[in-house]
Amino acid sequence: MTALVRLRLAGFLRTGRALAPVLAGLLALGVLYGGGRAQPAEAYGVSAVVLFPVLAWQTKILLDVEPDVQRRLARVVVGAARERAAGLLAAAAAGLGTVAVALVFPWLVGGVTGPSGPGDRPLAEGLALGLWAHLLALPAAVALGALASRAITRSAGYGVAVLTLGAVTALVLGLSGSVAPWLVPPVLPTARALAGPLAAPTGLLLTAWALVWAAVALAAYGWGRRRRA
Amino acid sequence: MRLEGVWLRYHRRGPWVLRETDVAIGPGEAAVVLGRNGVGKSTLLQLAAGVLRPTRGRVVDRPATVGWVPERFPADQPFTVGAYLTAMARVSGLSVAEADRAVRRWVDRLGLARFHGVRLPQLSKGTAQKVGLAQALLRPPGLLVLDEPWEGLDAAARDLVPEVIGEVLADGGAVLVSDHRGETVRLPGARHWSVAEGTVTEAAPSGGAATVVVELSVPAAGVTAAVARLRADGHHVLRIRDHAAPPPATRPDSDSPSTAAAVPGSAAGQPGERGRPGPAEVPVSGRPDVDEAPASGAPGRPGPAPEVAR
């Protein structure tokens, strides 16, 4: 399966279609960090929100770049379950690359600063919380991108609709005072939690929420792919 | 491998493409899937290969290693021939050294050596089809599924397909192949599955008593002696025709008149007979529908009407 993950990552990177989401991500981060310096944890929380649709889009591109018949060839060679898993793992690996860029980027443009006052978090804690926020957004974004992929939606129009609807709903239902926050992954609640002091139970709750949401969405993807080769 | 009570439709409210399909194929057996365009041949092959999942029923005892040659190879990929085949060999579980060996073997065998560094989108249709064939054979398949494997192939490669099939069968593999151009007459021992109106029926397998038709070309001046010699050897000369009017699905390779003679069939397509120097020999059919060109101007027409071999 590792070989299939590598093949799909290579296909994604060599076609040049990886450029569009990366540029969009950098542009969004540039706007985000253009406003001035912020504490790392708070800034990274917002960065994870901004990156959520970018990561989902990147996943859709990675899965769609492979021709349908090549995807079926892979299915014949490694089996249906491993073919699905290899696509998701390749998307997760590509997503980790984008997350790494997002974590380094603000330091290059001076968008974040180390602790300056007595109430500020230590630098290491800020970085760790930033990494955590991005890692919470990644599985949900991969799942959304997979649900929007051509193998499921079968047409470009439906694919874009699923992607856009998913990203917009995640933001709208994630606002404070939302009627059904549980329907969407906790990208906005995580950003809000990082703006102030974060209690351990809140952190655990957000982690569980993000993982359960991603698991449900990935199960839906697996179910949808049963009859969609 | 067996398909047990398999039904398939592509959409929940769509029409049934296949209904109540029960077919089986064992190790060392070949089956030819016949039928008109759009009748469900590819669907049946994809069910057997494991690309599609039956809507109802099940597929049991599918061998662990399946090679599938799709009808059209997906050439829109940013890899060279060598890199693609190596990656597919690694995906199928071969080690780096095994993958290199397998790729070298099939690249040489299928005449892909000079395309090794060429990117897939730049390949001609036939060369891309050869890459599709190669990827299915990198790991010796227990089941080889070929969807119209002759499409776009040149003469030499077309002759190679039955040879490769013969090797897979000899290694105990099963082979399923679809064809709508009569090329599968090159597989004389194969069973015939006919797909029509959603059902698959199996024609009676041809046994050892089956005959096949061999076309061969002889110099025009020596045709009478050649015919006499063939008859003396117990062969049944079906007809003599001029080279200028080749029948469909055959490729006369010389400029002299051709004769067609019926000879006893064999199960593996006699791969060793191919590629010899000398007068061109084109194994042709027992099916009258692919062998119907008139023998205009041919001397004498000594043979009777074409014989149905199976």
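Order of the sequence lines fixes the chain letters, A, B, ..., with proteins taken first and strands second; residue numbering starts at 1 for each chain. No experiment lies behind these values; they were computed from the predicted model shown. Quick note: numbers below take in every heavy atom, side chains included, and nothing from hydrogens, waters or symmetry partners.
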Smallest heavy-atom separation, A:A229 atom then B:V51 atom, equals CB-O, 3.2 Å

Chain B shares the most heavy-atom pairs under 4.5 Å, among A:T2, A:D68, A:V65, A:L4, with A:L4

Counting heavy-atom pairs under 4.5 angstrom with chain A, the leader among B:R139, B:R72, B:R53, B:M88 is B:R53

So, the part of A:R226 with a heavy atom under 4.5 Å from chain B: the answer is both

side-chain contact (heavy atoms from CB on, under 4.5 Å) for B:Y10 and A:R227? Distances and angles first, verdict last. CA-CA 8 Å; B:Y10 284 100; A:R227 301 205 186 282; over 6 Å; no

message = Counting only heavy atoms not in B:R36 (residues, nucleotides, ligands), do more than 12 fall under 6.0 Å from its CZ?
response = no

Here the pair of heavy atoms bringing A:R75 nearest to B:G50 is NE-O, 3.8 Å

Honestly, the part of B:Y84 sitting under 4.5 Å from a heavy atom of chain A is side chain

Checklist line | Exercise: do A:Q70 and B:Q77 side chains pair donor with acceptor under 3.5 Å | finding: yes

Okay, A:R8 and chain B: the region with an atom under 4.5 Å from a heavy atom over there is neither

Under 4.5 Å to a heavy atom of chain A? For B:E71 that would be neither

Closest heavy-atom pair, A:R14 versus B:F79, reported as atoms and distance to 0.1 Å, is NH1-CD2, 3.4 Å

Comparing A:T15, A:L73, A:V69 against chain B, the one with the most heavy-atom pairs below 4.5 Å turns out to be A:L73

Bottom line for B:P141: the part with an atom under 4.5 Å from chain A's heavy atoms is neither

Correct closest heavy-atom pair for B:D76 and A:P67 would be O-CG, 3.6 Å

Notebook entry, point to check: Quick check: are there more than 12 heavy atoms from other residues, nucleotides or ligands sitting under 6.0 Å from CZ of A:R82?
Noted result: no

Applying a strict 4.5 Å limit to non-hydrogen atoms, the region of A:A10 in contact with chain B is both

